[in-house]
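Reviewing the structure listed below.
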Amino acid sequence: MQIYFQKAFVQLSKLERWQWLFVVALLLISLPQELTAQRGTKIRTVVIDPGHGGKDPGAVGRRSKEKDIVLDVALRTGNYIKQNLPDVQVIYTRTKDEFIELHRRAAIANENNADVFISIHCNSVGNARVYGAETFVMGDHRNQANLEVAKLENAAILLEENADDQYGGFDPNSTAAYIALSLYQSTYKSQSIMLAQSIQEQFTKRVGRKDRSVQQAGFLVLYRTTMPSVLVELGFISHSNEEAFLLSEEGKVYMASAIYRAFKSYKQDFERENALPPKLTEEQRAILAPDVAKQELADRKPSAKKPVVAETEEALVFKVQFMTNARQIKVTDKRFSKLSEVEFYEHNGLFKYTSGRFDHLSAAQSHQQLLKQQGYGDAFVVVFKGNERISMEEARGMKTFR
Ligand SMILES: [Zn+2]
């Protein structure tokens with residue numbers, strides 16, 4: 001390393017002093033970020049939570065109990081992940097028919113520093129014609145149906161012995177109790193929504209289930225997790241055909257493989273967008289590997305400060321996405337007052353909010369760190385060509401990528 005720096009100095013000493021300082025500054029700024037970017041941006045641990053168990057059967061259908069179906073589907077999902085994604089550790093909150101308190105399920109995920117939490121359930125309602133699959137994220141319920149789902153799932157705490165202490169006297173049957181839960185703002189909401197969308201896409205497009213889409217409500221089991229978290233409702237065991245499907249071998253295999261594929265796709269997207277180290281500039285490469293880049297740099301010394309941009313390719317704009325919302329929020333909203341250059345774009349019916357506009361990836365990554373420090377733990381860099389969001393992979397292949 002020292003030799004590289006000496007060689008580089010001899011070579012760079014021909015440049016103006018400020019250019020040398022510029023290069024050093026670039027290194028100082030970008031190298032620590034590269035280390036940061038590589039840490040904690042891989043999805044290594046998933047906690048799979050089969051709902052209910054033991055004395056709590058969950059929903060009860062004509063032929064089935066929720067606790068049995070969800071345990072089976074959860075174990076299969078975990079097996080697919082273990083078999084196909086060996087770099088991921090799978091942890092279950094239960095692997096047999098036992099009662100686990102809701103707060104304990106979240107604690108298992110938090111204690112194991114999980115990157116993703118997936119709680120698996122089945123639904124049930126009085127109207128036997130209602131069917132379909134839906135995936136919830138923690139949030140403010142928008143309708144009575146979603147509130148009812150949360151009430152049913154949260155009722156598990158009534159079987160817990162120290163529920164009053166554990167949940168501050170929370171009454172799962174009182175609508176008023178959900179007002180406090182609705183104020184909850186998850187740092188991981190946008191990522192939870194992405195995972196939930198991925199699961200719904202698999203359920204509907206690959207398995208052909210009726211799409212009840214991504215929903216939100218106040219679930220105690222999601223309330224305390226500190227990572228992207230979703231609660232899957234596989235279907236209604238109060239609907240006889242859906243119950244039969246979920247009881248069948250085929251149904252369990254399909255639903256488990258759908259959750260596995262959704263997890264895999266979420267993991268790939270997440271890691272692609274977050275984990276790649278920033279591409280080194282030519283100046284940085286000259287320092288790290290002077291023999292390779294020497295001639296290249298010497299050839300273009302007058303323009304070293306001004307990278308050549310191909311006229312034919314549109315310039316890229318890097319932004320930091322920090323929030324996804326189902327409803328449109330004005331960029332002048334109070335909650336954005338501390339953020340710079342807030343903009344939004346629409347994708348899949350959701351409004352995605354970004355801060356900052358940069359022509360360098362490394363500058364956007366600095367801004368990402370800043371947003372993380374401000375509490376937007378799941379902020380990540382996105383890249384646009386004109387008004388169109390493109391993948392980081394596509395951007396890296398462009399001449400205008402810096
Ligand atoms: Zn349940």
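Both ligands and their constituent atoms are indexed starting at 1 by order of listing.
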**OP:** Would you list the pairs meeting side chain to side chain donor-acceptor pair (under 3.5 Å) in which at least one residue belongs to residues 206-215, sequence neighbours left out?
**Re:** E134-R212, N146-Q215, Q200-D211, R209-E242, S213-Q215
**OP:** Report yes if the side chains of V149 and F219 come closer than 4.5 Å at any heavy-atom pair, otherwise no.
**Re:** yes
Subject >> Sequence-distant partners of Y188, ring pair (Phe, Tyr, Trp, His ring centres under 6.0 Å), two or more places apart >> reply: none
**OP:** Using a cut-off of 2.8 Å, find all protein N, O or S atoms closer to the Zn ion (ligand 1) than that distance.
**Re:** H52 NE2, E66 OE2, H121 ND1, E153 OE1, E153 OE2
Subject >> Side chains of Q202 and Y260, donor plus acceptor under 3.5 Å >> reply: no
Subject >> S64 side chain reached by E243 side chain, heavy atoms, under 4.5 Å >> reply: yes
Subject >> Set of residues satisfying side-chain hydrogen bond (donor to acceptor under 3.5 Å, both in side chains) with respect to D97, sequence neighbours excluded >> reply: K67
